[in-house]
Asks: 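Sharing a structure, written as structure tokens. Questions coming.
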Protein chains: 2
Amino acid sequence: MGLSNVKDTRERILDVAERLFAFHGFHYTSLRRITTEAGANLAAVNYHFGSKEALLEEVFKRRLIPLNTIRREKLEAVRDRAAKEERLPRPDELLRAFIEPTIRFCCLEPGSEHFSTLVGRALAEPDSTVRNIFIQHIMPLFSLLFELLQSALPDLDRNTVFWRLQFAMGSTTHVMRMLGKRELLPPGLVREMESGGVDLDILVENLLGFVTAGMEL
Amino acid sequence: MGLSNVKDTRERILDVAERLFAFHGFHYTSLRRITTEAGANLAAVNYHFGSKEALLEEVFKRRLIPLNTIRREKLEAVRDRAAKEERLPRPDELLRAFIEPTIRFCCLEPGSEHFSTLVGRALAEPDSTVRNIFIQHIMPLFSLLFELLQSALPDLDRNTVFWRLQFAMGSTTHVMRMLGKRELLPPGLVREMESGGVDLDILVENLLGFVTAGMEL
DNA sequence: GTCTATAGATTGATAGAC
DNA sequence: GTCTATCAATCTATAGAC
């Protein structure tokens, strides 16, 4: 959008697509609905992106590239600090370095309120083409985290670390999905969420406590 | 299917639909493909079930009704045993009573090899109509588990127990999804899975250890 | 119960004027 | 870059013969 304060068509389409893909899923969201809500012409998606799938890839890349930079820096900072102090990195600081920015990204980066939900659903997406677009962009960072976690837990074998990390990823993505939906809330519970919303600080600490306990078990 | 050893059309459609819904998702699976693979006519789905959505509901009900009976009995057994021994139920035995049959159901009930994947995806389904069909059938049991967990953890407030249970459900459903897919496996890792498959016994124990540690934290 | 045939709607994509 | 118009494919669902 450059210096203008009005976003151009391409940017508006990305914003609307991100929100609709997050809340209704890729296959349930038609290009007609995206372009209509973005105030653009139906043909604009194919002009600017080439296809619906290419649009999804751009939606991911726009946020994942800066987010991955943040997470990589934090992970490497934990690794380097441990090295300088001549000790192993601890699982809790590694998990925090990865998970905290993942969940908080919606607050750090303005306009990405719905990206959390989108990412939370990405791994559960049934269509492998769609799922692979996401996996391709997340895999290098996931591998780094896995590698560092192994060095942090030298007494555990690869399989055990791998599965515990999967359990932690399951908890994390489930939380990310829930932040956008509430059908799972038991009747009569947590009505305070309705009024004040979820306290993200407390939620992140609860989540980190949970996965750290299971990881260090 | 009664006494015949050949399943009737209705049953064959349910089997194929379960598998295709699990691996490709509800919206990505057409009635044409289901009926073709089931060796039935396209119109058979609407004759036997009324609609595609009603078919999905039958796919869920066929397995969830017996599975829920098992889980309820196990949960109530834990509760009653604790009451007889005049103590509180423990979180680990409650989680085991719920999670173990959930994951092992594919082995207990012949023909339900793909139901695990389907359930693992159900909560992440973007379409709320589809998601609600599942939630409606699982909610009573989830509420029972939540209630018993609260009594097992009297020092924790409702919100904390609620979120920890959500974290555990996230881990569990993520595992159920992964049992059918392997794109997330880091390159070069866990090749033994390819040959021997995942050892379900070890996986279940790892998962229960992980979520119990986080729950009792 | 099973079949053919088709209605009726929606989709992603594109050609071509401006 | 944006628009209209439309194509070609797909889908669920149903009517009606057998």
Side-chain angles (χ1 to χ4, degrees), chain A residues 1-60 62 125-133, chain B residues 1-60 62 125-133:
Chain A
M1 70 183 180
L3 298 174
S4 166
N5 63 348
V6 175
K7 293 186 172 182
D8 61 18
T9 299
R10 192 189 138 93
E11 204 82 10
R12 292 200 316 276
I13 289 175
L14 283 172
D15 290 342
V16 172
E18 181 178 71
R19 174 168 52 81
L20 293 179
F21 287 160
F23 286 141
H24 304 291
F26 179 73
H27 199 192
Y28 291 91
T29 303
S30 69
L31 294 182
R32 277 171 179 77
R33 180 155 178 204
I34 293 172
T35 50
T36 300
E37 293 198 22
N41 187 272
L42 170 59
V45 166
N46 278 281
Y47 175 78
H48 285 286
F49 302 97
S51 70
K52 189 185 180 185
E53 229 172 77
L55 167 62
L56 177 66
E57 176 145 26
E58 273 305 305
V59 168
F60 275 128
R62 181 172 67 145
E125 167 67 43
D127 183 67
S128 64
T129 309
V130 175
R131 199 174 52 238
N132 287 339
I133 291 177
Chain B
M1 68 181 181
L3 297 174
S4 166
N5 64 346
V6 175
K7 293 183 173 183
D8 60 19
T9 299
R10 189 189 140 93
E11 203 83 9
R12 290 199 319 273
I13 289 175
L14 283 171
D15 289 343
V16 172
E18 180 178 72
R19 174 169 51 82
L20 294 179
F21 287 161
F23 287 140
H24 304 290
F26 180 73
H27 200 193
Y28 290 91
T29 304
S30 69
L31 294 182
R32 276 174 179 77
R33 180 154 178 205
I34 293 172
T35 49
T36 301
E37 293 198 23
N41 187 271
L42 172 59
V45 165
N46 278 282
Y47 175 77
H48 286 285
F49 302 97
S51 72
K52 189 186 180 185
E53 231 173 75
L55 167 61
L56 176 66
E57 176 146 24
E58 272 306 304
V59 168
F60 275 129
R62 180 172 66 144
E125 167 67 43
D127 183 68
S128 65
T129 310
V130 175
R131 201 172 50 239
N132 286 339
I133 291 177

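Naming: A, B, ... by sequence-line order, numbering from 1 per chain.
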Asks: Applying side chain to side chain donor-acceptor pair (under 3.5 Å) as the test, list every pair that has at least one member in residues 43-53 of chain B; sequence neighbours left out.
Replies: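 For residues 43-53 of chain B: none.
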
Asks: Let me confirm one number: the CD1-CZ distance from A/Ile34 to A/Arg12, rounded to the nearest 0.5 Å.
Replies: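 With rounding to 0.5 Å, CD1 (A/Ile34) is 13.5 Å from CZ (A/Arg12).
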
Asks: Can you build the contact string for nucleotides 11-18 of chain C? Use B for base contact, S for sugar-phosphate-only contact, and - for no protein heavy atom under 4.0 Å.
Replies: BBBB----

Asks: When rounded to the nearest 0.5 angstrom, what is the spacing between CZ in B/Phe60 and CG in B/Leu55?
Replies: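 CG of B/Leu55 is found 11.0 Å from CZ of B/Phe60.
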
Asks: Is it true that A/Arg62 and A/Glu58 have a side-chain N and a carboxylate O under 4.0 angstrom from each other?
Replies: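 A/Glu58 and A/Arg62: not salt-bridged.
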
Asks: Write down the distance between CD1 (B/Ile13) and P (C/dG1), rounded to a whole number of angstrom.
Replies: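 Rounding to the nearest Å, CD1 of B/Ile13 and P of C/dG1 are 11 Å apart.
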
Asks: Below 4.0 angstrom from OP1 or OP2 of C/dG1, is there any side-chain N or O of B/Thr9?
Replies: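 Answer is no, no contact under 4.0 Å.
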
Asks: Return the CD1 to NZ distance between A/Ile13 and A/Lys7, rounded to the nearest 0.5 Å.
Replies: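 Answer rounded to 0.5 Å: 13.0 Å.
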
